[in-house]
Amino acid sequence: MDYDVSIDFSMKYDFKKIEKKWQKFWEEKRTYFADDKSRRKKKYILIEFPYPSGEGLHMGHLRPYTAGDVYSRFLKMNGSEVMYPIGWDAFGLPAENYAIKHGVHPSISTAKNIANAKKQLRSWGIGFDWSREINTTDPNYYKWTQWIFLQLFKAGLAYEAKGMINWCPKDKTGLANEEVINGCCERCGAKVEKKEMRQWYLKITAYAEKLLNGLKKLDWPEKIKIQQENWIGKSEGVEIDFEVKTKEKPNFLILHGRNGSPKSHLFPWLKSELEKKGYKVQAPFLPNTDEPDDEEQTQFVLKKCKLDKNTVIVGHSFGGIVALRLLEKGIKAQKVVLLCTPFFGKFLDNKVRASVTRACRKGFNFKKILAGKTSFDLLYDTTDYVVPLSDGETFSKKLKVPLNTVAGKEPHLSGKREPAVLEKLSPLIKVFTTRPDTLFGATYMVLAPEHQLISNLKSRIINSKEVELYLKKAVKKSDEERIAEGKEKTGVELKGIKAINPANGKEIPVWIADYVLTGYGTGAIMAVPAHDERDFEFAKKYKLPVQQVIAPHLIDKEHMPQKGKENTKRNVVHVLLKHPTEDKVIALRHRKFPWLTPITGGIEKGESAIAAAAREIKEETGYKNFRFVKRLPFKVFAEFYAAHKSVNRLTLCDFLFFELVDEKRGAVSSEERANYDVEWLPLKDIHKFTPVSELDFMIEFLKRGEYVYTGDGLLINSDKFDGMPSEKAKWEITKFVGGKRKTQYRLRDWVFSRQRYWGEPIPLVFCETCKKRAQNRADYTQNSAEKFPRKSASSQRESAFSKGEIENPGWIAVSEENLPVKLPPVKKYKPTGTGESPLAAIKSWVSVKCPKCGGAAKRETNTMPQWAGSSWYYLRYCDPNNKKEFSGQKLMKRWLPVDVYFGGLEHTTLHLLYSRFWHLFLHDKKLVPSPEPYTRRIPHGIILGPDNEKMSKSRGNVVSPDSVIKKFGADCLRMYELFLGPHEATVSWNSQGILGISRFLERVYKKFCEPAAEKSSGKTEQVIHRAVKKVGEDIRSVKFNTAVSALMICMNEIEGEKLSRELREMFLKILAPFAPYLAEELWQRTKINADTSVQIRADRNQRKSAFRSIHLENWPSYDEKLIKSETFTLVIQVNGKVRDTVEAPAGISKTEAEKLALGSEKIKNIVKPGAVKKVIYVPNRLVNIVI
RNA sequence: GUCCGGGUGGUGAAAUAGGUAAACACGCGACACUUAAAAUGUCGUGGCUGUAACAGGCCAUGCCGGUUCGAUUCCGGCCCCGGGCACCA
């Protein structure tokens, strides 16, 4: 403890010496450590902890850290116990890439980088609580990262799946949706590719609603909230089923299983449902159903049933065996559907079913079965208690078709109704739409290229070659290519397949196109080209029909026809007459009222619309020679006054488009001439002339040659719904076709595994043995527990499977006492690029014993993304050394939630979303006390280089904080950074500007080298008190730039004035958060100066222990009375223009002010006596004389 | 395309429950100190116009329009810049 707090009373501001001295002092005094037990009110201030890269910390770090530091110091001085912790987000690509580049193991380079960054942070004078320092790569830390992951896994929120994911070819790893920015990797900027891979996902979508709701209560900038909201992208709509029809109508043969009959289980229901849809169905009673013989039943079917090439054979359980036997005998069928058909003849309930086992033992002749080119479909029950799923898997391999599984209404798909089965036989296309009101206008359907139905109906697609070609192309296409194609839509029709529009029963074509996305909704849409831009574009390209079903309801109160302009006709035409040579159209201008209308007329009985229009043109304009061009395919509802009923009445209007041939005119009817003038309006800016909506629509048509109306309106062409407002029709039509309300989110699940070395290992192992048992869990646990009460030793073990283990058969959680799963030390850690993590090559690490059954198992070799460790670090700060829990409840209650979180906007849909998700989950599990992690979020703008460009090595415009410190000192760096501009604004570093701050600090230093005065003037007192107020307010509202400016103003005013000891202290205290070193140094001088009168040669040690840091002092309070001034500058305006100013006593009345104003010589020259119309007085500000 | 921000001197920017536009700072200019330079200090600094000099006048917060005694601030339309999302049915 030998530090030097001696004072150098020289007049030179030697910041190097000063800063070094106090750094050491604060460290040893633990000045910034937060006390867990203090009774003061807690404040938890957080900044995003850095990842320690080789380049060290840069300006981007300085900004939030300084802001947090000023804020923390201020709160601390105002009586709060402030925690402002720091740590290292050291896993992940930057650290790993650095390590690879320099040929050092990441653990070594990381440690080195941390040491360096730590040195930097200390020199910056940031008052972090170093006692809570954490490091995500420390096994004591990532043990808990893994632990939290396991909680997510056990809750069924983690799953493994194969799918197309974003792949960064440079970093050689998969990426989450959030990590792809403009089609490029968020880290390295490389173009992202699509790659099909096995991945772990976290079900963040399950928290979509909670993530959305939680936002409402947060004190975050609206901008960030909106961005998260949009990212989650909630939309409410309905799901509607469309039936599918194929060209060759199938007929069905249903074969029941052992102990079954056509009158039992699902068969009566299934038969009637299929018949309802117009299919022929045969459902024979098969002989000897108690102990059936496959050969006997097969012969029976051959004899009794009619089979042809359009027959679909449905075999339930044993019936499936019979179905396959039929194929072995050379029967040609369209399709065979196997429902829970056994393969091995061993059953999950260990019961003996000798006849079934016997049949299975005979085996199947797959060569013959496959020879008939029959297609297959496998549907197995995940809640089965008899036939294991693995039997289905075997069939799936042998028949080379995918296995479909479903949880049956009853186990073994034996419920009275099994909708999943019906759907397999008579396929439906489920669509999601937010516009069910437009259903009658659905003229075709589109499936995403990955849609299941395509492979399911493969045999019935006539143009399957063409379809396959398209699929291949679509899958290969990267996002980049799609963008390059300019979103030109492509697609191909599924010929031989039609869908039925459930609203009107019409057959509509089914297409596949990649403008429909797999991941959203159901991966299929109903296309309504008349009311959706995308569908319209597609329909236009492939010449698909367009049907308008929504007509806008035009009410234009201002221009609504009045009494006298009567219209009782049902049908009205609007006419647009174009000039023969110029881009102008005719409108009628009312003589009395300021409005324009199109030529409009009613259609007489027996008259065609065109004839009516022609008549109107002649009557209203006098033009004789014109020709009909076209009828616009778009109608609107307009309101007219119906005189005989004295009500406004809706009329459906047609648009007809004419062109003038020559300008010869005849007489205009007298009525029209009295009311209207004919006027030619330029098409281009017709909006400037008229707000009449009919014209708007017509013009849009003419300009673009087409029109897609996506707004609300009244229904047309929709049978009994005609005339209904679209908002109401949404739910009425949904009801009509039996649709279901559904909420969809744009948010996708979080791709959570990375194929890299430097990350937390995912603490799971894969066990083949447990896989089989987990697959058929439900029969032992829920569904049939009562029916089959027998419980073997093995079944009891299986009942202990967690939700995650059931949903991911074979994946077993590492037991908690074996956490952490440490990263093995290896030499080769470069990414393989094959999609496998480098860890996969370490055999000794990969093979483990299964935690559940003790058998041979393999570790998961993917690691977690960088976002894992940072998703909960703020929790660990509360209790960083806890060995029993991720963080102690008591301490979390003490510190959470984070009061203010300073950080970058780039994390809005990354870290900020992820960590909220984890927190909400932990809160649901009652593991954290607060519902949300961060109460207030304060984002910052980026600092650009002096050339207004982003700082980067390649541009050579990087200004490093350390070089600035060398030249000007840390206090100067900090203050200048704050002074650059508003915290949230993007600012550029101006190397000249820093001189201003440097001069300021120098002047402060000099000023405080003067001895304290006995007394200060009242004016000086006022100046300081005002500064105390202003600086405090500005820090509170995060306006650091104006706070610094207030300090400067204050300094300018006290220069040359005498400063009492009290005022000196006040000034230093408000300077302290900004320039902690200088303030501390001068504070010490002030104190010692004050004390020297008593004891100038105090013992050094004594002095040192008696010295209390300025940063632990209380924020000064100001006196409101001192701040108020007795006079103010009265501004005198005439007609709103400033003409003079006078000093006036504060608080004068209006009359007094008026007197003063009129008394001014300048005003007398301008305002003649008696000319004053009105006087406005704003107290203590201005007088405005209106003349 | 759409959703957020934002447009103020030579530069960074201040000022918005509507009330003196340009605080503070950089830069620039003049002067002082100096043999000189740097540093420091003092004064000046939006544009146009005007005066011998004061004084004075007009125009100025992206553009156009509106509300108001008064608009950088509120409303409507447009232009430009930055950022997010982007075939999300």
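The side chain of Q992(A) lies closest to G27(B) when the candidates are A25(B), C87(B), G27(B).
For the residue pair N948(A) and S988(A), the shortest heavy atom distance occurs at OD1-OG, 2.5 Å.
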Q. How does RNA chain B read in dot-bracket, base by base from 5' to 3', with Watson-Crick or G-U pairs under 3.5 Å and | used when the partner is on another strand?
A. (((((((..(((......[....)))((((((.......))))))((((......))))..(((((..]....))))))))))))....
Which atom pairs link the protein and nucleotides 83-86 of chain B when you take only N or O atoms and keep those under 3.5 Å?
from: G84(B); atom 1: O2'; to: Q227(A); atom 2: NE2; distance (Å): 3.3
from: C85(B); atom 1: O3'; to: R746(A); atom 2: NH1; distance (Å): 3.1
from: A86(B); atom 1: OP1; to: R746(A); atom 2: NH1; distance (Å): 3.3
from: A86(B); atom 1: N3; to: K487(A); atom 2: NZ; distance (Å): 3.3

Using a cutoff of under 3.5 Å, can you pull out all pairs of nitrogen or oxygen atoms linking the protein to nucleotides 40-46 of chain B, with atom names and distances?
from: U40(B); atom 1: OP1; to: R999(A); atom 2: NE; distance (Å): 3.2

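The environment of NZ in K967(A) is sparse: at most 12 heavy-atom neighbours from other residues, nucleotides or ligands sit within 6.0 Å.
With hydrogens and angles ignored, the 3.5 Å screen pairs a side-chain donor or acceptor of T433(A) with a backbone N or O of R435(A).
For K234(A), the side chain to side chain donor-acceptor pair (under 3.5 Å) partners are E209(A), not counting sequence neighbours. For D532(A), the salt bridge (charged side-chain N to carboxylate O under 4.0 Å, His left out) test picks out R534(A), with sequence neighbours left out. With sequence neighbours excluded, the residues satisfying side chain to side chain donor-acceptor pair (under 3.5 Å) with T518(A) are E450(A). Checked against side chain to side chain donor-acceptor pair (under 3.5 Å), N957(A) has the following partners two or more places apart in sequence or in another chain: D947(A).
Within residues 432-447 of chain A, the residues having any heavy atom under 4.0 Å from RNA chain B are, by residue number, F432(A), T433(A), T434(A). Near-neighbour residues of RNA chain B inside residues 518-526 of chain A, defined by a heavy atom below 4.0 Å, number-ordered: Y520(A), I525(A).
Note on N1052(A): only backbone sugar-phosphate atoms sit closer than 4.0 angstrom, heavy atoms only; bases stay farther off.
When the P atom is compared between C74(B) and U61(B), the two are found 15 Å apart, to the nearest whole Å. U40(B) and C79(B): their P atoms are spaced 49 Å apart (whole Å).
Identified under the salt bridge (Lys or Arg N to Asp or Glu O under 4.0 Å) test for residues 521-530 of chain A, with sequence neighbours left out: none.
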Less than 3.5 Å apart, which donor and acceptor atoms pair up between the side chains of residues 1134-1146 of chain A and the rest of the protein, not counting sequence neighbours?
from: N1135(A); atom 1: OD1; to: I1187(A); atom 2: N; distance (Å): 3.0
from: D1140(A); atom 1: OD2; to: S1160(A); atom 2: OG; distance (Å): 2.7
from: E1143(A); atom 1: OE1; to: T1127(A); atom 2: OG1; distance (Å): 3.1
from: E1143(A); atom 1: OE2; to: T1129(A); atom 2: OG1; distance (Å): 2.9

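The base of C87(B) lies close enough to the side chain of K489(A) for a donor and an acceptor atom to sit less than 3.5 Å apart.
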(Q) Using a 4.0 Å heavy-atom cut-off to protein, can you give one letter per nucleotide of nucleotides 8-20 of chain B, 5' to 3': B if the base is in contact, S if only the sugar-phosphate is, - if neither? (A) ----BSSS---BB
